[in-house]
Asker: 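I am attaching a structure below and will ask some questions about it afterwards.
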Amino acid sequence: MKRPEEIQQQIVRETFHLVLKRDDNICNFLEGGSLIGGPEYKLIYRHYATLYFVFCVDSSESELGILDLIQVFVETLDKCFENVCELDLIFHMDKVHYILQEVVMGGMVLETNMNEIVAQIEAQNRLEKSEGGLSAAPARAVSAVKNINLPEIPRNINIGDLNIKVPNLSQFV
């Protein structure tokens, strides 16, 4: 269910305050209550250094299973970002979402094997790098055209039935 941004921000604030005030030696499960839609939902969280990971699940989910899922997610983040921190999550939100989508999609757990998840992320990174080479091609093409040494700029270009007249650009140089 899509909620207005104002309500989403309120839920985040209240969840943060609920989780933050809990002692470290108390269990990591909270009944959702009116905050997240009633008693059929619960919050399951883990605290790592300065990071909190909170999942909201329905009452049919296994609390220990979700704690394991959070552990896999955090270990994968840690492996991908080499000691994950807040800045990694903020400045690489797209990558964090991609990692989460490798683990969970549409409410269903897809993968819990960290090696498989990391392999998929590395494949995605290779694809992005190869596409980065292609996206830089227009800039390289413009640079190459600028460096062409032509004794005289052609005034008419004929390609088949296409005839292009090139204006005198010397006034702009």
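This chain uses plain numbering: 1 for the first residue, then up along the sequence.
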Asker: Name each donor-acceptor pair under 3.5 Å that joins a side chain in residues 16-25 to protein atoms two or more places apart or in another chain, with its distance.
Answerer:
unit_1	atom_1	unit_2	atom_2	d
Arg22	NE	Tyr45	OH	3.0
Arg22	NH2	Cys27	O	2.7

Asker: Can you see which heavy atom on Asn28 is nearest to which on Ile26, and at what distance?
Answerer: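 So the two residues come closest at OD1-O, 3.4 Å.
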Asker: Taking side-chain hydrogen bond (donor to acceptor under 3.5 Å, both in side chains) as the test, write out the residues that go with Tyr98, two or more places apart.
Answerer: Glu102
Asker: For Val74, what residues pass the side chain to side chain contact (heavy atoms under 4.5 Å, CB included) criterion, not counting sequence neighbours?
Answerer: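 For Val74 the side chain to side chain contact (heavy atoms under 4.5 Å, CB included) partners, ignoring immediate neighbours, are Tyr48, Phe53, Ile70.
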Asker: I need the full list of salt bridge (Lys or Arg N to Asp or Glu O under 4.0 Å) pairs touching residues 66-90, with sequence neighbours left out, sorted by first then second residue.
Answerer: none
Asker: Identify, with sequence neighbours excluded, every residue that meets side chain to side chain contact (heavy atoms under 4.5 Å, CB included) alongside Gln101.
Answerer: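 In terms of side chain to side chain contact (heavy atoms under 4.5 Å, CB included), with neighbours along the sequence ignored, Gln101 is linked to Met105.
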Asker: Which value, rounded to the nearest 0.5 Å, describes the distance between Thr76 atom OG1 and Ile99 atom CD1?
Answerer: 7.0 Å
Asker: Would you say Leu64 ends up clustered with Leu43 if hydrophobic residues are merged whenever their side chains have heavy atoms under 4.5 Å apart, either directly or through other cluster members?
Answerer: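 No, it is not one cluster - the side chains of Leu43 and Leu64 are not joined through contacts under 4.5 Å.
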Asker: Phe73 and Leu110: same hydrophobic cluster, using ILVMFWY side-chain contacts below 4.5 Å?
Answerer: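 No, it is not one cluster - the side chains of Phe73 and Leu110 are not joined through contacts under 4.5 Å.
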Asker: Rounded to the nearest 0.5 Å, what separates atom CZ in Phe81 from atom CG in Leu89?
Answerer: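 Those atoms lie 6.5 Å apart.
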Asker: Under 4.5 Å between side-chain heavy atoms, counting indirect links through other Ile/Leu/Val/Met/Phe/Trp/Tyr residues: same cluster for Leu30 and Leu69 or not?
Answerer: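 No.
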Asker: First locate atom CG of Asn125, then atom SG of Cys80, and finally report the distance between them rounded to the nearest 0.5 Å.
Answerer: 7.5 Å
Asker: Do Ile121 and Val104 belong together in a cluster built from hydrophobic side chains that touch within less than 4.5 Å?
Answerer: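 Yes, it is one cluster - the side chains of Ile121 and Val104 are joined through contacts under 4.5 Å.
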Asker: Could you grab the distance from atom NZ of Lys95 to atom CG of Leu100, nearest 0.5 Å is fine?
Answerer: 14.5 Å
Asker: Are Val72 and Val96 connected, step by step, through hydrophobic side chains (Ile, Leu, Val, Met, Phe, Trp, Tyr) whose heavy atoms are closer than 4.5 Å?
Answerer: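 Yes, it is one cluster - the side chains of Val72 and Val96 are joined through contacts under 4.5 Å.
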Asker: Decide whether Gln124 and Gln120 meet the rule of one side-chain donor and one side-chain acceptor closer than 3.5 Å.
Answerer: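 No - no donor-acceptor pair under 3.5 Å links their side chains.
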Asker: Does any non-hydrogen side-chain atom of Glu61 lie less than 4.5 Å from one of Phe55?
Answerer: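 No; the side chains remain at least 4.5 Å from each other.
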Asker: Counting distance only, does the side-chain N/O of His47 pair as donor-acceptor with the main-chain N or O of Ala49 below 3.5 Å?
Answerer: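 Answer holds: yes.
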Asker: Hey, what do you get for CD1 (Ile44) to CG (Leu67), rounding to the nearest 0.5 Å?
Answerer: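 Between Ile44 CD1 and Leu67 CG, I get 6.0 Å after rounding to 0.5 Å.
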Asker: Quick one: pull up SG in Cys85 and CG in Leu77 and give me the separation to the nearest 0.5 Å.
Answerer: 11.0 Å
Asker: Can you find a pair of side-chain heavy atoms, one from Val57 and one from Phe29, that are under 4.5 Å apart?
Answerer: no
Asker: Looking at residues at least two apart in the chain, or sitting in another chain, which of them share a salt bridge (charged side-chain N to carboxylate O under 4.0 Å, His left out) with Lys42?
Answerer: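 Per chain and number, Lys42 pairs via salt bridge (charged side-chain N to carboxylate O under 4.0 Å, His left out) with Glu63.
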